[in-house]
Number of protein chains: 4
Amino acid sequence: MEFFKDIAQVSYEGPESKNPFSFKFYNPEEVVEGKKMKDHLRFSVAFWHTFTGDGRDMFGAPAFDRPWDKYEDPLDRSFARVDALFEFCEKLNLEFFCFHDRDIAPEGVTLRETNKLLDKVVGYIKDRMKGSNLKLLWGTANLFSNPVYSQGAATSPFPEIFARAAAQVKKALEITKELDGQGYVFWGGREGYETLLNTNMELELRNLAHFLKMAVEYAQKIGFNGQLLIEPKPKEPTKHQYDFDVANSLAFLKTYGLDSHFKFNIEANHSTLAGHTFVHELRYARIHGKLGSIDANQGDLLLGWDTDQFPTNIYETTLAMYEVIKAGGFTKGGLNFDAKVRRSSFKLQDLVIAHIVGMDTFALGFKVAYRMWKDQVLEKFIEDRYRGYSEGIGKKIASGETSFEELESLVIDKDEFVLHSGQQEYLESLLNQYLFTVVKG
Amino acid sequence: MEFFKDIAQVSYEGPESKNPFSFKFYNPEEVVEGKKMKDHLRFSVAFWHTFTGDGRDMFGAPAFDRPWDKYEDPLDRSFARVDALFEFCEKLNLEFFCFHDRDIAPEGVTLRETNKLLDKVVGYIKDRMKGSNLKLLWGTANLFSNPVYSQGAATSPFPEIFARAAAQVKKALEITKELDGQGYVFWGGREGYETLLNTNMELELRNLAHFLKMAVEYAQKIGFNGQLLIEPKPKEPTKHQYDFDVANSLAFLKTYGLDSHFKFNIEANHSTLAGHTFVHELRYARIHGKLGSIDANQGDLLLGWDTDQFPTNIYETTLAMYEVIKAGGFTKGGLNFDAKVRRSSFKLQDLVIAHIVGMDTFALGFKVAYRMWKDQVLEKFIEDRYRGYSEGIGKKIASGETSFEELESLVIDKDEFVLHSGQQEYLESLLNQYLFTVVKG
Amino acid sequence: MEFFKDIAQVSYEGPESKNPFSFKFYNPEEVVEGKKMKDHLRFSVAFWHTFTGDGRDMFGAPAFDRPWDKYEDPLDRSFARVDALFEFCEKLNLEFFCFHDRDIAPEGVTLRETNKLLDKVVGYIKDRMKGSNLKLLWGTANLFSNPVYSQGAATSPFPEIFARAAAQVKKALEITKELDGQGYVFWGGREGYETLLNTNMELELRNLAHFLKMAVEYAQKIGFNGQLLIEPKPKEPTKHQYDFDVANSLAFLKTYGLDSHFKFNIEANHSTLAGHTFVHELRYARIHGKLGSIDANQGDLLLGWDTDQFPTNIYETTLAMYEVIKAGGFTKGGLNFDAKVRRSSFKLQDLVIAHIVGMDTFALGFKVAYRMWKDQVLEKFIEDRYRGYSEGIGKKIASGETSFEELESLVIDKDEFVLHSGQQEYLESLLNQYLFTVVKG
Amino acid sequence: MEFFKDIAQVSYEGPESKNPFSFKFYNPEEVVEGKKMKDHLRFSVAFWHTFTGDGRDMFGAPAFDRPWDKYEDPLDRSFARVDALFEFCEKLNLEFFCFHDRDIAPEGVTLRETNKLLDKVVGYIKDRMKGSNLKLLWGTANLFSNPVYSQGAATSPFPEIFARAAAQVKKALEITKELDGQGYVFWGGREGYETLLNTNMELELRNLAHFLKMAVEYAQKIGFNGQLLIEPKPKEPTKHQYDFDVANSLAFLKTYGLDSHFKFNIEANHSTLAGHTFVHELRYARIHGKLGSIDANQGDLLLGWDTDQFPTNIYETTLAMYEVIKAGGFTKGGLNFDAKVRRSSFKLQDLVIAHIVGMDTFALGFKVAYRMWKDQVLEKFIEDRYRGYSEGIGKKIASGETSFEELESLVIDKDEFVLHSGQQEYLESLLNQYLFTVVKG
C-alpha cells in the first residue's frame with residue numbers, strides 16, 4: 001500500500017522555490033570538501049515519533065489518524081508502519097532510521113512471545129533493507145513505557161524487573177546487530193528517582209553500572225561493533241534522572257570504569273532542560289572525545305518539558321554543525337530527528353514538511369559552519385586570544401610545568417595587568433554576517 | 001569599640017519565648033548522642049556577607065550603614081570588622097568563621113603590598129583568636145571581584161592573570177594554615193565562559209586542572225592539613241561555570257586525576273540554581289565519599305539568581321542534616337551561613353536575628369533528622385524496598401556476578417511481574433509527623 | 001460492590017498515631033471559632049484524578065489497575081466509579097467532589113447520545129447523594145482531551161468547534177445545577193496558542209469573551225446560582241494559555257466587561273508555573289474580591305510541568321489558609337484536591353493515604369494560620385509598618401487627595417529620610433515559631 | 001574633547017564588508033515604503049548603560065575605564081558624558097537617546113540641590129541638541145538606586161519616601177518636557193515586594209495608582225504631550241514586581257481607571273523573564289492598542305536575570321518588527337538599546353560594535369518582516385484559517401449575536417467535526433525562507 005501517494009519525490013529546488021515539498025537549502029548530492037551533503041549530515045528518521053506517534057499529550061487523546069494504523073491486527077499494523085517508513089525515507093532521501101524495540105513490534109504475554117513477534121518484524125525490515133538505501137543508525141530498548149518500569153529498569157528496586165530489562169536489552173542488541181545498526185543507545189528514562197525519601201541512590205547507581213557492564217560484555221560477545229551511546233536527560237518522566245547531562249553521565253562512567261566503552265547521543269532539547277545550551281553539551285562531549293551522535297530537535301526554552309520540536313533555528317544548527325566539523329564529522333553517528341509534529345499538524349503532509357524544514361535547517365547550518373571553519377575566523381580569533389599559552393610562562397602553565405612559587409615570583413610586584421577585550425558582540429556580529437550572506441553564492 | 005551593645009548575649013529560651021534575641025530551638029550545650037549540639041552543627045559566620053556586605057544590588061547603591069565601616073583608613077576598617085566579628089560570634093555562640101582574602105583586608109597596588117596588609121589583619125585575627133573560642137572553618141581567595149579576573153582566573157586567556165590567581169591562592173593557603181583553618185575552598189566564580197564563540201574550553205579546563213594540582217602540591221609542601229573543597233555553582237556571575245554541580249565537578253576531578261584530593265562544599269542555593277534539590281547534591285556527594293562542608297543558605301526557586309537568604313525552611317534543613325548524620329557527621333566541615341540579610345533588613349538587629357533563625361532552623365532540622373535516624377524509619381523502609389538485592393539473583397546483580405543470559409533465562413517465560421508501591425505520599429506524611437511533633441518533648 | 005474493604009473508616013487519632021490510615025492533624029468535628037474544621041476547609045475530591053486517573057504519563061502506559069475499571073461496559077464502569085466515589089468519601093469524611101463532564105460518563109457518537117449517557121450517570125449520582133453528605137463543589141466541562149479541541153475550544157479557528165464547546169458547556173451547566181453544584185469552573189486548557197505565526201489572538205480573545213458571556217447568560221437563564229470561576233494556568237498543554245495567571249485573566253475580564261460575573265479557582269501548581277507563589281495568587285485575588293475556590297495541590301518548583309502532587313508542605317498551606325481566613329473563609333468555594341498519586345503509588349491504599357496527608361497538611365496549616373490571625377501578629381506588624389498612611393500627608397496620599405506639587409514642597413529641602421527595617425528574617429522566624437509549636441496543645 | 005577619535009564615521013558598507021565599524025544591513029537613508037529606514041526604526045541609545053555603566057556586576061567591581069569618567073568633579077563628569085553621547089550618536093547615526101534623571105547629573109544633599117545640578121546638565125544637553133539631530137525619545141526617573149527606595153518608591157511603606165519619589169518624577173517630567181521628549185517611562189524597579197509577610201499589597205497598589213494619577217495630572221498641567229509609558233518587568237531587583245507583564249499592568253491600569261493614559265514600553269529581556277516571548281508581549285500590547293515603545297535588547301533564556309545583551313537574534317527582531325509594522329509603525333516610540341556590553345567587552349570599540357550589531361539586527365529583521373508583510377503570506381494564511389468566522393454562524397459568534405441554545409442546535413447531532421492542520425512546521429519553514437533569502441536582492 002502506498003501511504004504518501006499525494007506527495008511527489010522531494011528534491012532540491014533552491015531557496016526561492018514556492019513548493020513546500022521541496023528542499024530549499026538541502027541538496028543531498030552537493031559535494032562539500034569531497035563528500036556529499038547527505039554523507040556529512042546522515043539524517044535519520046525516528047520510528048517512534050513519525051510512525052508510532054499518535055498525537056496524544058498529557059491532556060489530550062490521540063489526534064493523529066494514520067493510514068498505517070488502520071489495520072486491526074497488531075502485527076499487520078507493524079508491517080504497515082515499516083512499509084510507511086521505507087516509502088517515507090525514499091521520498092525524502094532519508095538514509096537512516098532509529099527505533100526502540102517496542103515501536104516496531106507489538107508485545108506478547110511473555111518476553112519469549114514478544115521476541116518472536118519482534119523477530120518477524122525485524123525479518124521484514126531486513127528484507128526491505130535489501131532493495132533500499134535505508135540503514136539503521138541505532139537501535140534501543142524501551143525501558144520506560146511498560147508500568148513494570150515505573151520505578152526504574154536497571155535501577156528498579158526489584159531484581160526481577162532488573163532482569164526483565166536486561167533480557168530486553170539483550171534482545172535489542174541482537175536485533176540491532178541483525179540490522180547492522182551503527183550504534184546502540186541507552187536512554188534511562190526511568191533511571192532516576194521520584195523522591196529521595198524512598199531511594200537507595202548508591203545501590204541504584206551501582207546496579208546501573210553492572211547493567212551497562214553486562215551490556216558491554218554481551219555486545220562484545222555477539223560481535224556487535226556499533227558504538228554504544230548514553231543519551232543524557234535531566235528529568236521527565238522522573239523527577240531526577242541519573243544521566244542528567246553529559247558531565248553527570250561522564251562522572252558516572254568514570255566512577256565505574258566504563259568510560260572507554262561509551263560515547264554520547266546528545267539531544268538539543270535535553271541539553272536545555274539541563275540548563276545548558278545544545279552547543280555546550282556538544283562541545284563538552286567533543287573535547288572529551290565523546291561526541292557520538294545527535295538527536296536533532298528543538299525545545300522551547302520557556303517551557304519546562306521535552307517539546308521535541310523539529311529543528312528550525314539556524315543559529316542552533318550552525319553552532320552544532322561547527323562542533324561536528326571540529327570533531328572530524330560523524331563516523332558511526334548521525335542526525336536523528338527525535339522530533340514530533342505538533343498535535344495540530346495532524347496531516348501526513350505535515351510529517352513530510354516537518355522533516356524538510358529540519359533537513360533544510362541543518363543543511364544551511366552546516367554550510368554556514370563549514371564556511372566559518374574554512375575561513376578559520378573563530379579559530380584564529382581564539383588562537384590569538386590564548387596566544388599567551390604558546391610561549392614562555394604560558395607554555396609552562398599549559399603543560400603543567402610550573403609551580404605557585406614560580407608564578408608568584410612573576411607577578412608579586414606587578415602593578416598593572418593587561419587584558420584584551422573578549423569581543424563577544426563582535427563575534428556575534430560576525431556570526432550573523434556568515435549566517436545572512438551564505439545563501440547568496 | 002562595642003558594636004552590638006544594644007543586644008544582650010543570645011541564649012536558648014525555648015520555642016515559646018517571645019524574645020526575638022533568643023534561640024527557640026537551638027540549645028548549644030544540649031547533648032545529643034554524646035555530643036553537644038554546637039559540635040554537631042559547627043555553625044560558621046561568613047565574613048563577607050555579615051561584616052563586609054553593604055546591601056548593594058544590581059539596581060541599587062549600598063544600603064547598610066555599619067558602624068565598623070565608619071573608619072576612614074581601610075586598615076582601621078579591617079580591624080574594626082574583625083572586632084565586630086569576634087563580638088558578634090561571642091554574642092551568638094558562633095564558634096567558626098569563613099573568609100575570602102579580600103574580605104578581611106584592603107588591597108595595595110601590588111600583590112606584595114596587598115600581602116603585607118593581609119598579614120597585618122591575619123596577625124590581628126590570630127591574636128584575637130587566642131582568647132576566644134572562635135576558629136576558622138575555611139579560608140578562600142576572591143578570584144572574581146577584581147576586574148583582572150573578568151575573563152577568568154585559573155581559566156583566564158592571559159597567563160599573567162593565571163599567575164596572579166596562583167599567587168593569590170598561594171598566599172590564601174598560607175594564611176588559612178596560619179589561622180589553623182580546617183578547610184580551604186575553591187569557588188570558581190569566573191571559571192567558565194560568557195560565550196563559546198571566544199572560548200577554548202579544552203585549554204581552560206586543562207589549565208584549571210594544572211592550577212588545582214599546584215594548589216594541592218603547595219598545600220602539602222607547607223603542611224596544610226585542612227580539607228580542600230570545591231564549591232560548585234552553575235552560573236552567575238558567568239553564563240556558564242565549569243563547576244556546574246557536584247557531578248560536573250567530579251567528572252572534571254576524575255578526568256584530571258585530582259579526585260582523591262578534594263571534597264565538596266555544597267551550597268543550598270547553588271544546588272537549586274543547577275536544577276537539583278539541596279539534598280540531592282548532599283546525597284550525591286555523600287555516596288561518593290565527598291561530602292565535605294555546607295554553605296547553609298536558602299534560595300528562592302522562582303528567582304534565577306543567588307539570593308543567599310538565611311535558611312528558614314525546616315524541610316530543607318531536616319533532609320540536609322539527615323545526610324550529614326548518615327555521613328557520620330562533620331569532621332572538618334560545618335554549616336557556614338553563606339547568607340545575607342535582605343536589603344531592607346538594614347539594622348544590626350536584623351543581622352543577629354537572621355543568624356538566630358538560621359541556627360534555629362538547622363537545630364530543629366537536626367533534631368527531627370536525628371529522631372528519624374534513631375527510629376530508622378526511612379532506613380527500614382528502604383531496606384525493605386530493596387530487600388530483593390540481598391539474596392538470590394538480586395544479590396548476584398548487586399555484586400556484579402551475573403550476565404544478560406542468566407537474567408534472561410529467569411524472566412523470558414514470566415507472564416507477570418510484581419511491583420510494590422513506592423509510597424511517596426506515605427513517606428511525606430511520615431516526614432510531616434516527625435516535623436510537627438518533635439518540639440513537644 | 002465495596003472497593004476499599006481493606007480500609008477502615010479514617011478518623012482522627014492525633015499526631016502521635018502510628019496508624020497510616022488515621023488523621024494526625026485533621027479533626028473534622030473540632031470546632032474553631034464556632035465552626036467545625038470540616039466547614040472551614042470544605043475538602044473536595046477530584047473525580048478525574050482519583051477515579052478516572054490511570055497513571056499514564058508522557059512516557060508511560062497506564063499503571064493503575066483500579067477495581068472499578070474492571071467493567072467492560074463503559075456505563076457500568078461509570079456507575080462503579082461513582083460507587084467508588086461515595087465509598088471513598090464516606091471513609092475519609094470528604095463532603096465535596098468535583099468533576100468534568102467526561103470524567104463521569106462515556107462519550108457517544110453525537111453530543112445528543114453523549115448527553116443521554118451523561119444524564120444516566122448524573123441521575124445515579126443524584127440518587128446516591130440523597131442518602132449521603134456528599135455535595136458537588138463544582139462541575140466543569142472537559143474542552144481539552146478530545147482532539148477536536150486540539151486547536152482550541154472557545155478559541156478554535158473553526159466555528160463548529162466553538163459551537164461544540166458551547167453545547168458542551170451548556171450541558172455541563174445544566175448538570176452542575178441538577179446536582180446543586182456550588183460553583184462552575186472554566187479552565188481553558190487549550191485556549192491559547194502553539195505559535196503566534198498562525199494565530200489571530202485578537203479574534204480568539206474576543207470569541208472567548210463572547211463564549212463566557214453566553215455562559216453567564218445561560219447560567220442566569222436556567223437559574224444556576226453557583227459561582228462562576230476562571231482557573232488560570234500559564235502553559236501546558238498549550239505553549240501559551242490566555243488565562244496565564246490571575247492578573248492576566250482579570251485584565252481579560254475587565255477588557256470585555258465580564259469581571260463582575262467571575263471569581264477565580266486558584267491552583268497551587270498553576271501559580272508556580274506562572275512564576276508566582278501560590279500565596280501571591282491568593283492574595284492578589286483576595287484584594288480584588290475575587291478569591292473563589294482553591295485547587296489544593298503542590299508542584300515541584302524544579303520541574304516545568306504540572307505535577308499535581310498532593311499538598312504536604314505546611315508552609316504553603318499555612319500561608320494559603322491565612323489568605324482564606326482574611327477573605328472571611330470560603331462561601332461557595334472549598335479545597336479541591338486537584339492532585340494525583342505518583343505513578344509508583346499505584347495501590348488503593350496510596351489513594352487514601354494521599355488524601356489523608358493532604359487533609360492533615362491543610363488542617364495543620366489552618367490551625368497555625370488561625371492562631372497567627374487570632375494573635376494578630378502579622379496584622380499588627382503591617383499596621384505599624386504602614387502607620388504613616390493613617391495620618392497627615394500619608395492619609396492624603398492614601399486617599400488620593402494630594403498632588404506632586406504639595407508632595408514636592410514637603411521634601412525638597414529634606415536632607416535625610418528615615419526608613420524602618422522590613423524585618424523579613426524576623427517574620428520568617430516568627431512563622432517558624434508558630435509552625436513548630438502549634439501542635440503542642 | 002573627542003572620545004572616539006580612533007573610530008571613523010560608521011556608514012553602510014553592505015553584508016560583505018569586513019570592516020567591523022560599518023553597517024552590514026542597516027542603511028539609514030534607504031527608503032522603504034516611502035520612509036527612510038532610520039525613521040522606521042528610530043534607534044535610541046540608553047545613556048545609563050553606554051555612558052554611565054561601569055561594568056560592575058554582583059560579584060565584581062567596576063571594569064570599564066571610560067575616558068569621560070576621568071574628571072574628578074561630578075558635574076564635569078556629567079558634561080563629559082553628554083559630550084560623549086553627542087559624539088557617539090553622530091558617529092553612529094543615532095538620532096535618539098533616553099535617560100534617567102540620575103544618569104545624567106550628580107545628586108546633591110537635598111532634592112533642591114540635586115535639581116539645580118540637573119538643570120545645569122539639562123541646559124547643556126539642550127544647547128548641544130540645537131546643532132544636532134539628536135532628540136530625546138523618553139526620560140524617566142531612577143526610583144530604585146538610592147537606598148531610600150529599598151522598600152519601594154510609590155509603594156513605599158513610608159509617606160516621606162512616596163513624597164520624595166513624587167518630587168523626583170515631577171522634576172523628571174519637567175526636564176523631559178524641556179528636552180522635548182517624545183515619551184516618559186515608568187519602570188517600577190522597586191514597586192513590588194520581597195516577602196508578603198510584611199506587605200500590605202492592597203494599600204501599595206492603591207498608592208501606586210494615586211501616584212500615577214498625579215503624574216498624569218501634572219503632565220497635563222505642564223503641557224507635556226509625550227506618551228506616558230509603563231515598562232513591565234516581573235522580578236529583579238525585587239522578588240515580585242507589580243508590573244509583572246503587560247497583562248498584569250493592564251489589569252492594574254483598568255482597576256484604577258488609568259488605562260487611557262498609558263501605553264507600554266516593552267523590553268525583550270523583561271518579557272522572557274515573565275515567561276513570555278518578546279513577540280507575545282508586543283502582540284498583546286498591540287491588539288489592546290497599547291504598543292508604545294520598545295527596549296531593544298536580548299536575554300539569555302537559560303539565565304534567570306536581566307542580562308540586557310545587545311540584540312543579535314534575527315528571529316526575534318523580525319517577529320518584533322512585524323508587530324511594529326502591523327501597529328502602523330512607531331509614532332512617539334522607538335527602539336531604545338537598553339543593552340550593555342559584556343563585562344569583558346570593556347573597550348570603547350566594543351560599545352560601537354555592540355550598537356552596530358544591534359542596529360544591523362533590527363534593520364535586517366525589519367526588512368524581512370516588511371517583505372513578509374508586503375507579500376501578506378502570514379496574513380493570508382491566518383485569514384484563511386479563521387475564514388469560518390466571516391460568514392454564517394461563525395460571523396454571529398464573532399459579533400456576539402448567538403446563544404448557547406442556537407449553537408447547541410447546530411452540533412447536537414453531528415457525528416464528525418472537521419479540522420484543518422495548524423501547519424506550524426510549514427510556517428516556520430516559510431519564516432526561514434524569508435530570513436535566508438532577503439539579503440540577496
Side-chain angles (χ1 to χ4, degrees), chain C residues 109-112 148 151 157-164 166-167 170 194-198 200-203 207 210 214 218 234 240 247-248 250-251 254 275 279-280 283 287 378 381-382 385-386 388-389 393-394 397-398 400 403-404 407-408 410-415 417 419 422-424 427, chain D residues 109-112 148 151 157-164 166-167 170 194-198 200-203 207 210 214 218 234 240 247-248 250-251 254 275 279-280 283 287 378 381-382 385-386 388-389 393-394 397-398 400 403-404 407-408 410-415 417 419 422-424 427:
Chain C
V109 174
T110 62
L111 281 179
R112 190 182 300 275
V148 300
Q151 299 179 49
F158 315 114
E160 274 190 355
I161 305 301
F162 182 100
R164 194 189 189 285
K170 174 174 176 292
E194 289 300 317
T195 175
L196 283 173
L197 292 175
N198 69 12
N200 185 336
M201 196 199 276
E202 199 168 1
L203 181 144
N207 281 356
H210 291 156
M214 284 188 272
Y218 191 71
H240 184 99
N248 272 261
L250 187 64
K254 283 184 177 288
V279 64
H280 169 88
R283 172 80 64 99
I287 67 174
L378 294 178
F381 184 94
I382 286 171
R385 190 175 185 223
Y386 294 86
Y389 290 105
I393 187 66
I397 290 169
S403 66
F404 273 9
L407 292 167
E408 182 190 57
L410 292 169
V411 296
I412 188 93
D413 291 311
K414 276 188 75 77
D415 58 2
F417 290 81
L419 272 72
Q423 292 186 252
Q424 179 167 338
L427 293 169
Chain D
V109 175
T110 62
L111 281 179
R112 191 181 301 275
V148 301
Q151 299 179 49
F158 315 115
E160 274 191 355
I161 305 302
F162 183 101
R164 194 189 190 285
K170 175 175 176 290
E194 288 301 316
T195 174
L196 282 174
L197 291 175
N198 69 10
N200 186 335
M201 195 198 276
E202 199 169 0
L203 182 144
N207 281 357
H210 292 156
M214 285 187 272
Y218 192 72
H240 184 100
N248 271 261
L250 186 64
K254 283 183 178 288
V279 64
H280 170 89
R283 171 79 64 98
I287 67 173
L378 294 179
F381 184 94
I382 286 172
R385 190 176 185 223
Y386 294 86
Y389 290 104
I393 187 66
I397 291 169
S403 67
F404 272 10
L407 293 167
E408 183 190 55
L410 293 169
V411 295
I412 188 92
D413 291 312
K414 276 188 77 75
D415 58 0
F417 290 81
L419 273 71
Q423 291 185 252
Q424 179 167 338
L427 293 169

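Order of the sequence lines sets the chain letters (A, B, ...), proteins ahead of strands, with each chain counted from 1.
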Locate the shortest heavy-atom distance separating D/Leu196 from C/Arg283; write the atom from each residue and the value.
O-NH2, 3.2 Å
[Y] and [X], any side-chain heavy atoms less than 4.5 Å apart:
{"X": "D/Phe162", "Y": "C/Tyr389", "result": "yes"}
{"X": "D/Leu407", "Y": "C/Lys170", "result": "no"}
{"X": "C/Arg385", "Y": "D/Gln151", "result": "yes"}

Check each of D/Val411, D/Ile412, D/Asp415 against C/Arg112 using the side chain to side chain contact (heavy atoms under 4.5 Å, CB included) test, and report the only one that passes.
D/Ile412
C/Leu197 portion near chain D, given a 4.5 angstrom heavy-atom threshold
both
Against chain D, label C/Ile382 side chain, backbone, both or neither, depending on which of its atoms sit under 4.5 Å from a heavy atom there.
side chain
So does D/Asn200 get a backbone contact from the side chain of C/Tyr386, meaning a donor-acceptor N/O pair under 3.5 Å?
yes
Using only atom types and a distance under 3.5 Å, with no angle test, would you say the side chain of C/Asn198 pairs donor to acceptor with the backbone of D/Gly422?
yes
Interatomic spacing from CG in D/Leu410 to CD in C/Glu160 - rounded to 0.5 Å
8.5 Å
So how far is it from D/Gln424 CD to C/Thr195 OG1, rounded to the nearest 0.5 Å?
4.5 Å
Looking at chain D, which one of C/His210, C/Lys254, C/Lys414 has the largest number of heavy-atom pairs inside 4.5 Å, strictly under?
C/His210
